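Each ligand, and each atom within it, is numbered from 1 in the order the structure gives. Keep in mind the model is a prediction, meaning the values are calculated, not measured.
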Amino acid sequence: MIRLPGLIDPHVHLREPGATHKEDFDSGTAAALAGGFTAVLAMPNTQPPLTNSASLAQAQAAAKDKARCDYGIYLGAGVDNAASAAECAPLVCGLKMYLDQTYGPLRLDELATLGDHVARWPVDRPMAVHAEGRSLAAILFLAALHARPLHVCHVSREVEITLIRAAKEKGIQVTCEVTPHHLFLTENDLPQLGEGRGEVRPRLATAADQDALWANLEVIDCFATDHAPHTLAEKDGENPPPGFPGLETALGLYLNAVHEGRMTFDDLIARTHTNPRRIFGLPDQTETFVEVDPDALWEVQATQMYTRCGWTPFEGLQLRGRVRRVTLRDRLAFADDQVLAPPGFGVNLAPVTQTENQ
Ligand code: NCD
Ligand code: ZN
Ligand code: ZN
Ligand code: ZN
């Protein structure tokens, strides 16, 4: 048995408020614990989106009652909340800006709006962006102009990881994350996945893009699942929404890659614990660790999962390396395939000025 620190996932969609038939703070954090994650940062593209203190309070109340592992919640950057956003900064783990088409209503098109958010969001609080291709170049330039750190979500293409490498070499304060699906799947998997189930943003990329991610592992600060559950009926229906679940397959995929010699345990711990904790300024979770059996062989099966969405793009895959027990703040939270931490056990890891933390 090998012991890892509690994994931190800086990018999950728990769908609450508004779409709890896909997931909620209970099922999503159960999935997190089953996957070896003891902290998750929840995205604001909910219904309503989390762009003001009222919607934020709704999500915080649900999380406080239902979360089984620790969490933070992002504020969403909207077209008209650049001024008021800063007031919410002490309550959230960061600001999320969407620059490209994806699931949900949050999308910023105007350069002036982007500039406003970059200028006004507190420079010492995290700012995360969905920015592909040219959008990435635009937001990197704005962040550099304002000398404010930027975290780039789900980098998927060679041209993007190359740009981030170059920005880092120039001393620009940029960090980034890559998802397991972009590390382990490509567009060549689309025929087998099927049209609707293969929908995800950023799209699955080419084998050359995937190779570039692995070749630039040192540029990748974090692994993030971008756990984005949609039900099978939605994925197989008309207008399938983009997004893959990922919390319960990520660590198995990473451990399998360690077994195959594609990265080391230290590479894994840096990207799933140390770096996300530093980038998002999260407090250390004391007496928190994950016990894994690095040799256990298992087959990915959606029917065995805690996520509510009912499917996985990795169905049937054989992996080596499995979570056995998770201890969170000295309490056994997961063991023998059972989630033991009850709803409400999770605490908000966002800045401690928050009453939610008591
Ligand atoms: C995400 C979702 O479903 O909320 N979908 C996705 O394809 N990644 C949105 C996002 O992260 O862009
Ligand atoms: Zn995104
Ligand atoms: Zn996402
Ligand atoms: Zn630690």
- Task: Within a distance under 4.0 Å of any heavy atom of Tyr103, pick out the atoms of ligand 1 and give their elements.
- Result: 2 (C), 3 (O), 4 (O)

- Message: Can you classify the ring geometry of His11 versus His154 as parallel (below 30°), tilted (30 to 60°) or perpendicular (above 60°)?
- Response: tilted

- Is there a donor in the side chain of Ser135 and an acceptor in the side chain of Asp100, or the other way round, less than 3.5 Å apart? yes

- Message: Any atom of ligand 1 sitting under 4.0 Å from a heavy atom of His11?
- Response: yes

- Message: Please list the nearest protein heavy atom to atom 5 (N) of ligand 1 with its residue and the distance rounded to 0.1 Å.
- Response: Pro242 O, 3.1 Å

- Query: Does Lys96, backbone or side chain, put an N or O under 3.5 Å from an N or O of ligand 1?
  - Reply: no

- Would Ser27 and Asp24 count as a side chain to side chain donor-acceptor pair (under 3.5 Å) if you check the C-alpha gap in whole Å, the side-chain angles of each, and the deciding distance to 0.1 Å? CA-CA 6 Å; Ser27 62; Asp24 68 1; 3.2 Å; yes

- Task: Classify the side-chain pair Glu23/His227 by whether it contains a donor and acceptor separated by less than 3.5 Å.
- Result: yes

- Among N, O or S atoms, His11 approaches the Zn ion (ligand 3) most closely through NE2

- Message: Taking backbone and side chain together, does His154 place any N/O/S atom at a distance below 2.8 Å from the Zn ion (ligand 2)?
- Response: yes

- Message: Counting only heavy atoms closer than 4.0 Å, does ligand 1 sit against the backbone of Arg15, its side chain, both, or neither?
- Response: side chain

- Message: Less than 3.5 Å apart, any donor N or O on the side chain of Thr231 or Glu234 sitting next to an acceptor on the other?
- Response: yes

- Note on the structure: shortest atom 7 (O) of ligand 1-to-protein heavy-atom contact is with Arg201 N, 2.8 Å

- Under 30°, 30 to 60°, or over 60°: which ring-plane class applies to Tyr74 and Phe280, parallel, tilted or perpendicular? perpendicular

- Query: For ligand 1, which atoms have a heavy atom of His154 less than 4.0 angstrom away?
  - Reply: 11 (O), 12 (O)

- Hey, what's the ring geometry for Tyr98 with His130, parallel, tilted or perpendicular (30° and 60° as the breaks)? tilted

- Message: Pairing donors with acceptors under 3.5 angstrom, does anything connect the side chains of Thr38 and Gln285?
- Response: yes

- Message: Under a 4.0 Å threshold between the charged nitrogen and the carboxylate oxygen, would Arg320 count as salt-bridged to Glu260?
- Response: no

- Task: Say whether Val200, considering both its backbone and side-chain N or O atoms, lies within less than 3.5 Å of an N or O atom on ligand 1.
- Result: no

- Query: Is Cys153 close enough to the Zn ion (ligand 2) to have an N, O or S atom under 2.8 Å?
  - Reply: no

- Message: Can you confirm, on distance only, whether ligand 1 has an N/O atom lying under 3.5 Å from any N/O atom belonging to His130?
- Response: yes

- Atom indices of ligand 1, in the order listed, that fall short of 4.0 Å to a heavy atom of Asp226: 8 (N), 11 (O)

- Does Met43 reach ligand 1, in the sense of a heavy atom lying below 4.0 Å from it? no

- Message: Angle at the Zn ion (ligand 3), OD1 of Asp226 to NE2 of His13, rounded to 10 degrees, please.
- Response: 90°

- min-distance N/O/S atom, His130 vs the Zn ion (ligand 2), resolves to ND1

- Could you tell me the residue and atom name of the protein heavy atom closest to atom 9 (C) of ligand 1, and the distance to it rounded to 0.1 Å? Thr102 OG1, 3.2 Å

- Query: Have Ser55 and Asn52 got a donor and an acceptor in their side chains that come within less than 3.5 Å?
  - Reply: yes

- Hey, are Asp337 and Arg322 close enough for a salt bridge, meaning a charged N less than 4.0 Å from a carboxylate O? yes

- Message: Within ligand 1, which atoms have a heavy atom of Ala228 less than 4.0 Å away?
- Response: 1 (C), 2 (C), 3 (O), 5 (N)

